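Values below: all heavy atoms of this structure, side chains included; hydrogens, waters and symmetry mates excluded. Please read all numbers here as calculations on a predicted model, not as lab measurements. The first residue in the sequence is number 1, and the count goes up from there.
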Amino acid sequence: MQNLYLQGAESLILDLQENGGGYLQAAVNIANEMLAKDELIVYTEGRRVPRQEYRAQGNGSFMDGKVVVLVDEYTASAAEIVTGAIQDQDRGYVVGRRSFGKGLVQRPIDLPDGSMIRLTIAHYYTPSGRCIQKPYEKGKQKDYAMDVYNRLKNGELTNQDSIHFADSLKFQTLHRGRTVYGGGGIMPDYFVPLDTTRYTPLHRQLAAKGIVIQQNLRYVDNHRKQLKKQFPAFDKFKKHFEVPQQLVDDIMAEAKKQKIEPKDAAELERTMPYLKLQLKALIARDLWDMSEYFSVFNEESDIVKKALEVICK
């Protein structure tokens, strides 16, 4: 936040897409940076575990600017705690797709042989009282494991009108009284459908075999001095750099050696824009760092574009 302030930032997009979470206290500390004193961040409660609340201390570094949180179907656990707190306290808006729904509190118990079990003792709840954990039933382990796939099959990831909630799952945010929904995971305020056409079968095979990463590293190693001389600053790189055709040709040549080929010319054409964007972002990462990677990659992100639209309202 200090670096962003130095650059003149007045609003924040917190990207928690594909963030699988982490420690409870880390989530509480992050939410604390944006919430007013004594505002509830999360609470835990179980059958034999009394309610325990975690509240903001009022000493955060970003208390006033606009906030938008980005989530998708792989945003889970501690990342959902932060998201739910921001949404329920009306501190900001959530953009993307319904989060994963992992809200189990587990207590580690050491065993004499040095192993450990993690016993589930409670659930996480957002400030409005929503249980973050998605439903599960004894004997239906396969359905639970296939939840994200079933969301895709049922159209939830691609069509907003395929998402239906019972009235019993309606909750109200704590300041503005906006309707939010329980039932597991965090449902965004602004839905952004998954673009299933961008990531082609060809691209998946290239990524799975490590061909994109390997050829990218080889290219950067061979051209690092030249690239640094041509683009001493990232801004210039972002504006003017174009992925050379030779790099693309090298990738496709290696793919052919491994018997990976496009189904037809149309698939190859659909693959190129996303592949070139990925390559440019990877080159930026290797020349600078992860911030530059995301700066390039997010240029074409539908979720980021929607977040910018929401912030500018």
With salt bridge (charged side-chain N to carboxylate O under 4.0 Å, His left out) as the criterion, how do E299 and K238 come out once you've worked through the C-alpha distance, each side chain's angles and the decisive distance to 0.1 Å? CA-CA 10 Å; E299 286 286 305; K238 185 177 179 181; 3.1 Å; yes
Under 4.5 Å between any side-chain heavy atoms of [X] and [Y], yes or no?
X    : Y    : result
K228 : W288 : yes
P262 : M252 : yes
Y136 : L104 : yes
L275 : M272 : yes
F62  : V67  : yes
V69  : T75  : no
F165 : M187 : yes
Y124 : T44  : yes

Single hit among K280, K276, K305 for salt bridge (Lys or Arg N to Asp or Glu O under 4.0 Å) with E300: K305
Which distance, rounded to the nearest 0.5 Å, do you find between the [atom1] of [X] and the [atom2] of [Y]?
X    : Y    : atom1 : atom2 : value
F231 : K239 : CZ    : NZ    : 12.5 Å
I283 : E292 : CD1   : CD    : 14.0 Å
F237 : Q230 : CZ    : CD    : 9.5 Å
I13  : L308 : CD1   : CG    : 4.0 Å
I86  : E39  : CD1   : CD    : 9.0 Å

Does [atom1] in [X] sit with more than 12 non-hydrogen atoms of other residues, nucleotides or ligands closer than 6.0 Å?
X    : atom1 : result
E269 : CD    : no
K313 : NZ    : yes
Y149 : OH    : no
Y74  : OH    : no
D64  : CG    : no
Q245 : CD    : yes
E10  : CD    : no

Co-membership, hydrophobic cluster, residues [X] and [Y], 4.5 Å side-chain:
X    : Y    : result
L268 : I211 : yes
V148 : V192 : no
L35  : I132 : yes

Of the options V68, V82, L70, N19, which is the one that meets L14 in a side-chain contact (heavy atoms from CB on, under 4.5 Å)? V82
When I41 is tested against each of I30, L24, D88, I81 for side-chain contact (heavy atoms from CB on, under 4.5 Å), which residue passes? I81
Between the side chains of [X] and [Y], is a donor N or O closer than 3.5 angstrom to an acceptor N or O?
X    : Y   : result
Q17  : D15 : yes
H123 : E45 : no
N3   : Q7  : no

Kindly state each residue pair satisfying side chain to side chain donor-acceptor pair (under 3.5 Å) with at least one member in residues 176-189, sequence neighbours excluded. Q87-D189, D90-R178, Y93-R176, R178-D189
Hey, does the side chain of [X] reach the backbone of [Y] with a donor-acceptor pair shorter than 3.5 angstrom?
X    : Y    : result
R91  : M34  : yes
T83  : A79  : yes
E80  : G101 : yes
R55  : D38  : yes
D195 : T197 : yes
H223 : Y219 : yes

Audit row: N29, E33, side chain to side chain donor-acceptor pair (under 3.5 Å) steps and yes/no: CA-CA 7 Å; N29 291 345; E33 296 297 319; over 6 Å; no
Considering all heavy atoms, the nearest [X]-[Y] contact:
X    : Y    : answer
T196 : T158 : CG2-CG2, 3.9 Å
N32  : G58  : OD1-N, 3.9 Å
Y199 : A207 : OH-CB, 3.5 Å
V212 : Q278 : CG1-OE1, 3.7 Å
G22  : A78  : N-CB, 3.4 Å
Q89  : P127 : NE2-CB, 3.7 Å

When you look at K306 and D302, which way does the salt bridge (charged side-chain N to carboxylate O under 4.0 Å, His left out) test go after all the steps? CA-CA 6 Å; K306 185 63 180 180; D302 293 333; over 6 Å; no
Which donor-acceptor pairs under 3.5 Å do the side chains of residues 113-122 make with protein atoms, sequence neighbours left out?
unit_1: D113; atom_1: OD1; unit_2: S115; atom_2: N; d: 2.9
unit_1: D113; atom_1: OD1; unit_2: S115; atom_2: OG; d: 2.5
unit_1: D113; atom_1: OD2; unit_2: S115; atom_2: OG; d: 3.4

Verdict with supporting geometry, E156 and R98, salt bridge (charged side-chain N to carboxylate O under 4.0 Å, His left out): CA-CA 9 Å; E156 178 183 329; R98 180 162 67 96; 2.8 Å; yes
Does R198 qualify as a cation-pi partner of Y274, given the criterion of NZ or CZ under 6.0 Å from the six-membered ring centre and within 45 degrees of its axis? no
Would you sort out whether V180 and T126 count as a side chain to side chain contact (heavy atoms under 4.5 Å, CB included), showing the intermediate values? CA-CA 11 Å; V180 290; T126 72; over 6 Å; no
